[in-house]
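One-based numbering, in listed order, for ligands and for the atoms of each. When reading the values below, keep in mind they use all heavy atoms of this one structure, side chains included, and skip hydrogens, waters and symmetry mates.
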Amino acid sequence: MALAEKRQKRSSFTPMMIEEDAALRNGSRGLPPGPWADAAAAAAARPRTTERHITVHKRLVLGFAVSIVALLAVTMVAVLLSVRFEECSAAAAADGPPPAGSNGSLPGPARQPGAGQPPGRPAEEEAAAARGGEEAAAEEEEEEEEWQRRREPPPWTRPRLPRHLRPLHYNLMLSAFMENFTFCGEVNVQLEVRNASRYIVLHAHRMHIEAVRVAEDKLAGAVRVANFFLHPPTQVFVVVLNRSLEVQRSYNLKIIYNALIENELLGFFRSSYVLHGERRFLGVTQFSPTHARKAFPCFDEPIYKATFKISIRHQATYLSLSNMPVETSVFEEDGWVTDHFSQTPLMSTYYLAWAVCNFTYRETVTKSGVVVRLYARPDAIRRGSGDYALNITRRLIEFYEDYFKVPYSLPKLDLLAVPKHPYAAMENWGLSIFVEQRILLDPSISSISYLLDVTMVIVHELCHQWFGDLVTPVWWEDVWLKEGFAHYFEFVGTDYLYPGWNMEKQRFLTDVLHEVMLLDGLASSHPVSQEVQQATDIDRVFDWIAYKKGAALIRMLANFMGHSVFQMGLQDYLTIHKYGNAARNDLWNTLSKALKKVGKFVNIQEVMDQWTLQMGYPVITIFGNETTDNIIVIAQERFVYDSDAKTKDPDFGDNSYLWQIPLTIAVGNTSHISSEAIIWVSNKSEHHRIPALEEASWLLGNINQTGYFRVNYDIRNWKLLINQLTRNHEVISVSNRAGLIDDAFNLARAGYLPQNIPLEIIRYLSEEKDFLPWHAASRALYPLDKLLDRTENYNIFNEYILRQVASMYLKLGWPTNHLNKSLVQASYQHEELRREVIMLACSFGNKHCHQQAATLISDWISSNRNRIPLNVRDIVYCTGVSLMDEDVWEFIWMKFHSITAVSEKKILLEALTCSDDRNLLNRLLNLSLNSEVVLDQDAIDVIIHVARNPHGRDLAWKFFREKWKILNARYGEALFMNSKLISGVTEFLNTEEELTELKNFIKTYEEGAAASFSRAVETVEANVRWQRLYKEELFQWLRKSLTH
Ligand SMILES: [Zn+2]
């Protein structure tokens, strides 16, 4: 799964803002949840109450009355949902394989009054079907009492499913009613019994259960169902039987149910788009991590792998898709069709998927015969917007098959581009779903950054077809095992498509390593492997720590193992565990064995446990000139931004935070550098002998920044390094130049280093022709800029940065023509560098840059032809909106409405947040909550971008507090979006007053999102502390520097 905000465009920057990319990624700082607004509507259809308690004997007396009440309740439900259950049953009747052990009875319990009883329907099932609502609550209470007497918690109240049953195979038949957004289904689960029990507990949530039947497979004998009920707190469904299921026998569980195709973002949900002025609807699924249970009753934990056979009945004007290809389609006379899909291999529920839509597609075939199709809205397919994705997907499948030495497992792979999705994409096996903005690409209006975004999301999801789908983590605590790999391979796979871009060696640093170290440097961080139990907590693990720290640790591992041994190890791991589950120790063991094969002995589990089970990361300090006999001292401690947190946390003082660190050190002087082998540092402080250490030699740690830690030095060494950069920076590698910049800014921000050191380092940039160090500087300057942008002396800082940028800006100039494809391949580094420098120049107010942007915008308005170079459009739009009058804002607003290309739409929307007119910003904030105007997933970006604008920060903060109830209802359940919003709005608050406002706000609205709010408080506290301790020191140095 690719998180939506990942690699967001650097499109919306505010005039004072350097690198919104950084910030959006910083948006990752803080992530978490709550109920959906639609819940109320759903609840109306599924009354539940626990008020009444009907005892057994009373129930006997009330038997007749109950069935009347139940029939009425069912009728009400049917009317409310307008579900045509007759059709549901007819569909299943047409072809549904008769469920094992049943006598052919079919779904269709909620018949209209007087519709009569179908022949052959067992009376027992009928009775069961009639029970629901209040009665079910009574059943549950009664069962609970029974367990209370036993002094044990009932199995349905435990956070994990009881282990006594295992699903082997599911037969799932669905009927989707797109005209009223409901669906009904019949699931038949073949169960294996491990321990005898009277209870069947599986997941089901927010659905109406119509009927339940249990039968012993071979004997076709029914097992009487005593009662059944949903237990919403743990999102499970409980079937209580009259007798125990017997060990090692196999049973069939049949459940008939119905539910809504909801207007939200999880489970089986709907969205829409407009074609030729007509609104068209589609239904798609998002099951990861715990939402399959909203679409069908199932054992919704990744360990329960089973095979699935799915049939979907829908109107023939739609088509249906699922993980596997359609085997047969059965057409009915009334314009309905049932698609029967082939059976899946063993798989978990969270990457099962289906869709009902009226999209069209284009297709290609890999060398190994895998059919790849891209499905999207018909106009996008006609324009060829999916062709790029289709083409690279074919090549990437070939790449992964070769790299992993394990073929792609399914006969086909469909990529589905949908208008609304909570994440950038989801890796459903054989049916990966992408939000349009992360897969459709119109070459005539897409920038390189956009192309890179699209590329990397696709590389990510394809990696998951192996890491995640074929081999699945045992449990969510190790979600990083799949997400870390998919994220790491984004860079490896992109290097395959674009050799020479050096993604894994270079871009990885700024986009992953530097970014996650910001987040993981908070005292309130958490380990990459984190325990989770409750369903409601599971979303929490999908955060940047899992993705980015996971990827950074994997990269460190690949580097200290050596890439070819690492690759061999992965091949073994996938081969051993395919179609199964694996935990992190399985990976460590396989990799240790791979090392052993080449004669190296490292206990990978012992090393990696420290990195995965401890939060945070170390800062290594190298003291070079302590003694004269080539001895250096290396010390480690946990890096943390807020040093006050150290005094608060007693663990900081002792040795509890220690890592085994694979440190590489180089010794250099003005003309050469000599590298050393890995030094394993495992103590708090160690002495090491470094040969050839001369008086004028500097030391450089973490060669090419392959390690997940920061490096600090004594001031003398920093000065020697700065000197080296100024005289001849190319002696130090590109990655280390970027690394030095990022380490210096962050060490200073946390108070480990004087404030002037980072500003002295970036002085050499006027000679820097590589993109990466500029990118690192731009990103590192961003939070500093946000700390200063509302201060009185901001212009001193502004002036200093402008001076550093001026000469490179002049040298590089502006891009002229649109880039064609071959140019993209050849000049990526150069174009990205130019873009970065233009962004810095325009953000900090370079006059020429402003003029150029204004001229380009005026030309667009007067000619109505957009000749602005693609790669800088976001910068030009934003600068134009911030500098020019309201008419420009209105013009951009109008274009935002009229343009259909998704990439362009997004940067136009973000440009609107750059205005310094507070009325316009307020207007935009209010409009953002209208789903007809701004897509749900984009509204968050609007609010966050207004918060980054110094003119809008307080407006967004106020808006956030006033609308919190609405926002939380809308995004609360999609934890990641909610926490992105919280961190995005709060991360640059930096006054005492704002800190108090934040704390008071949290006191009032404590429910949900607690982790995000505690990170927010820590971040704002660190900001306030920095202002108090270091701001003046920084300004003093800047003043002195500018007068020299
Ligand atoms: Zn993923």
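- Shortest distance from the Zn ion (ligand 1) to H460 is reached at NE2 (N/O/S atoms only).
- Formation of a donor-acceptor pair under 3.5 Å by the Y388 side chain with backbone atoms of S385 is not found in this model.
- Results of the ring pair (Phe, Tyr, Trp, His ring centres under 6.0 Å) test with F404 over F399, F485, F489 single out F489 as the only residue that passes.
- Take N559 and apply the side-chain contact (heavy atoms from CB on, under 4.5 Å) test, not counting sequence neighbours, and it matches E504, R555, H563, T706.
- Checking C463 against the Zn ion (ligand 1), every N/O/S atom stays at or beyond the 2.8 Å cut-off.
- Seen from the Zn ion (ligand 1), atom O on M1 and atom OE1 on E483 lie at an angle near 90° (rounded to 10 degrees).
- Here E436 pairs with R377 under the salt bridge (charged side-chain N to carboxylate O under 4.0 Å, His left out) rule; sequence neighbours left out.
- Among the backbone and side-chain atoms of H487, none of the N, O or S atoms lies under 2.8 Å from the Zn ion (ligand 1).
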